[in-house]
*Asks:* 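Submitted below is the structure of interest, expressed as structure tokens.
First listed ligand is number 1; within each ligand, the first listed atom is number 1. Each residue takes its place number in the sequence, starting with 1. Excluded from the calculations below are hydrogen atoms, water molecules and symmetry mates; all remaining heavy atoms, backbone and side chain alike, are included.
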Amino acid sequence: MEFYLNVLLKTIYLLITVNLIFKFSKWLINYSEKLITVNRIKGLPMIPFIGNVHQLKTKYELVKQLSQLAYQLKDEPLWRLWLGTMPIFVFHRGDYAEVLFSSSKNTQKSVQYNFLHPWLGTGLLTSHGEKWAKRRRLITPTFHFEILNDFLNVMNEQANILVEILAKLTTQNQEINIFERLKACALDVICESAMGQHVNAQNDETSEYVQAVARISELVTFRFFDPLQWPDFIYRRTAKGKDFERCLKILHDFSKKVIVERNSHLDDVDLMSKKRIAFLDLLLKAKRMDQSITFDDIREEVDTFVFEGHDTTAAAASWACQLIGSHPEVQKKLHEEIDSVLGQSKRHLTNDDLKELTYLDLVIKETLRLFPSVPYFGRTLSEDCEVGGYKVLKGETAVILAYMIHRDVKYYPDPEKFDPERFLPENTKNRNPYAYIPFSAGRRNCIGQRFALMEEKVLLANILKRFEIKSLKSIDELEPVGDLIIHPNKGIPITLNLRC
Ligand code: HEM
């Protein structure tokens, strides 16, 4: 009996070993084939199994490093990086990135977005496939321009609060970190527009919700750039992981409470009347028509708006202040334009006013070229593709480097120069549409694009109406950091002179 048991055990061990050797050999063959295919594409020299991990700089220097590489390889259609045994296809030229944007299949986000799932679930930003398509259909009407007009009031009101705070700081001769001020303002705008809630971030920095939003964004970024924090079972046990859970609870409790409250008063909000509505009300109305939409689905979307809709706009408006404040000739033109549209009036900006601020439009576009708030975004490829004679593999990650696509000398001579006139209609008419993608492109472009541009215009016009901006540092001194958004390492210090 013992003999047979021994034979049986040995056979099992043997089968397991053979199976493991078989699987490993298969993986090795697969990896070797991948090495040959991927390494045809140029990139940093790599070490098998380690890839380029040892060469990559910290997030503080990453933007500089990736830019240098992209400039070196500027004539290549794309380049590659290896994170261990995982290849990354980096797209740094718009004409070649088109293959991703125009495909109806390559719409799945890369695995790095999974770190956002605990907070945002699989909402519009992070989902894919049928779930994403259904959400996009549901949410698109809520960004209709007539509905956006309603949010113009929210933007004007918050801009007035911002300008009053700035005026106070100016009379006290204080240096102002405009990035922090605009972040608070943009959070107030999005919370009121998305949830109908005054979180008062501009005047109350102690709010638990406001602090949790800032902290959780920071924690997601730390995790994103530190592979040691990637496995869930390790992360949950770390101090940062516990802090993440704490923030998560504050944020989810807040949005759940708001959803329940707004739902119970929904009948009082006549969507066709002039009463102020929030995106949330529109989603709750949609839920009444389609019972398959759950409160959790709605929470995912509301949290997604808050996440996507404040740091992005704040960063864009802050870089604009920096660039305006260091280009007096641009600032002069902006002052003239704003004075001619608004004169001495203290009224709110209307949609017609915004249409007349055409030079401000150019300045915003050129700022987003130099500092696209989302400097890179990732996709998991759903099909093999051919790019400039190279094979790009299904199942792997593609990174679209908007920051460098916007510096392609073919479309932007002297690319580091701030020159709003690049966006005059006569200068854009022959430009490849994928050479300018601050809001991404194709099916997964930014749904909040018009909202964001409207908000930026209102905030900047209000600041410029009252003040002259003076930037205190050069771009190099500000050390742009490429996290989830591109932001200055330690803020953007400016001074303001009161004009009126
Ligand atoms: C200047 C401001 C903004 C910029 C530069 C920007 C940029 C982007 C980019 C590049 C993407 C694609 C990201 C990716 O593929 O990973 C995106 C997606 C998205 N953005 Fe924005 N965004 C801005 C403001 C906003 C605002 C204000 C909202 C909401 C009110 C918003 C909501 C979204 C959503 C929901 C998505 C996901 C869309 C989808 O996948 O279908 N964004 N944004």
*Asks:* Tell me, please: is Asn445 in heavy-atom contact with ligand 1, that is, under 4.0 Å?
*Replies:* yes
*Asks:* Counting only heavy atoms closer than 4.0 Å, does ligand 1 sit against the backbone of Lys109, its side chain, both, or neither?
*Replies:* side chain
*Asks:* Drop me the distance from Asp483's CG to Phe222's CZ, to the nearest 0.5 angstrom.
*Replies:* 8.5 Å
*Asks:* Is a salt bridge present between Asp297 and Lys287, judged by a nitrogen-to-oxygen distance below 4.0 Å?
*Replies:* no
*Asks:* May I ask you to decide if Thr107's main-chain N or O and Arg444's side chain share a donor-acceptor pair within less than 3.5 Å?
*Replies:* yes
*Asks:* Give the atom numbers and elements of ligand 1 that come within less than 4.0 Å of a heavy atom of Trp132.
*Replies:* 39 (C), 40 (O), 41 (O)
*Asks:* Report yes or no: does a heavy atom of Arg379 sit under 4.0 Å from some atom of ligand 1?
*Replies:* yes
*Asks:* Going by atom types alone, do Lys183 and Ser217 pair a side-chain donor with an acceptor below 3.5 Å?
*Replies:* no
*Asks:* To check your reading of the model: name the closest protein heavy atom to atom 30 (C) of ligand 1, its residue, and the distance in Å.
*Replies:* Ile190 CD1, 3.6 Å
*Asks:* Please give me the protein atoms (N, O or S only) lying under 2.8 Å from atom 21 (Fe) of ligand 1, ordered by chain and number.
*Replies:* Cys446 SG
*Asks:* Considering only non-hydrogen protein atoms, determine which one is nearest to atom 16 (O) of ligand 1 and report residue, atom name and distance to 0.1 Å.
*Replies:* Tyr113 OH, 2.4 Å
*Asks:* Just say parallel, tilted or perpendicular for the rings of Phe143 and Phe305, cut-offs at 30° and 60°.
*Replies:* perpendicular
*Asks:* Between Glu130 and Arg137, does at least one N-O distance fall below 4.0 Å, as a salt bridge requires?
*Replies:* yes
*Asks:* What salt bridge (charged side-chain N to carboxylate O under 4.0 Å, His left out) pairs are there with at least one residue in residues 358-376, not counting sequence neighbours?
*Replies:* Asp361-Lys457, Glu366-Arg369, Glu366-Arg422
*Asks:* So for Ile400, does at least one of its heavy atoms come nearer than 4.0 angstrom to any atom of ligand 1?
*Replies:* no
*Asks:* As an exercise, identify every atom of ligand 1 less than 4.0 angstrom from a heavy atom of Phe451.
*Replies:* 27 (C)
*Asks:* So does Glu164 pair up with Arg466, basic N to acidic O under 4.0 Å?
*Replies:* yes
*Asks:* Do Lys57 and Leu66 touch side chain to side chain, with heavy atoms closer than 4.5 Å?
*Replies:* no
*Asks:* Can you list, pair by pair, the side-chain donor-acceptor contacts under 3.5 Å of residues 88-97, counting residues two or more places apart and other chains?
*Replies:*
residue : atom : partner : partner atom : Å
His92   : ND1  : Trp79   : NE1          : 3.4
His92   : NE2  : Leu73   : O            : 3.1
His92   : NE2  : Glu76   : O            : 3.4
Arg93   : NH1  : Lys74   : O            : 3.4
Arg93   : NH1  : Asp75   : O            : 3.1
Arg93   : NH1  : Glu76   : O            : 3.4
Asp95   : OD2  : Lys410  : NZ           : 2.8
Asp95   : OD2  : Tyr411  : OH           : 3.0

*Asks:* Can you sort out the partners of Glu421 under side chain to side chain donor-acceptor pair (under 3.5 Å), two or more places apart, ordered by chain and number?
*Replies:* Lys333
*Asks:* Should the proximity of Arg136 to ligand 1, defined as any heavy atom under 4.0 Å, be assigned to the side chain, the backbone, both, or neither?
*Replies:* side chain
*Asks:* Quick test: of every protein heavy atom, which one is nearest to atom 10 (C) of ligand 1, and how far off is it to 0.1 Å?
*Replies:* Pro438 O, 3.4 Å
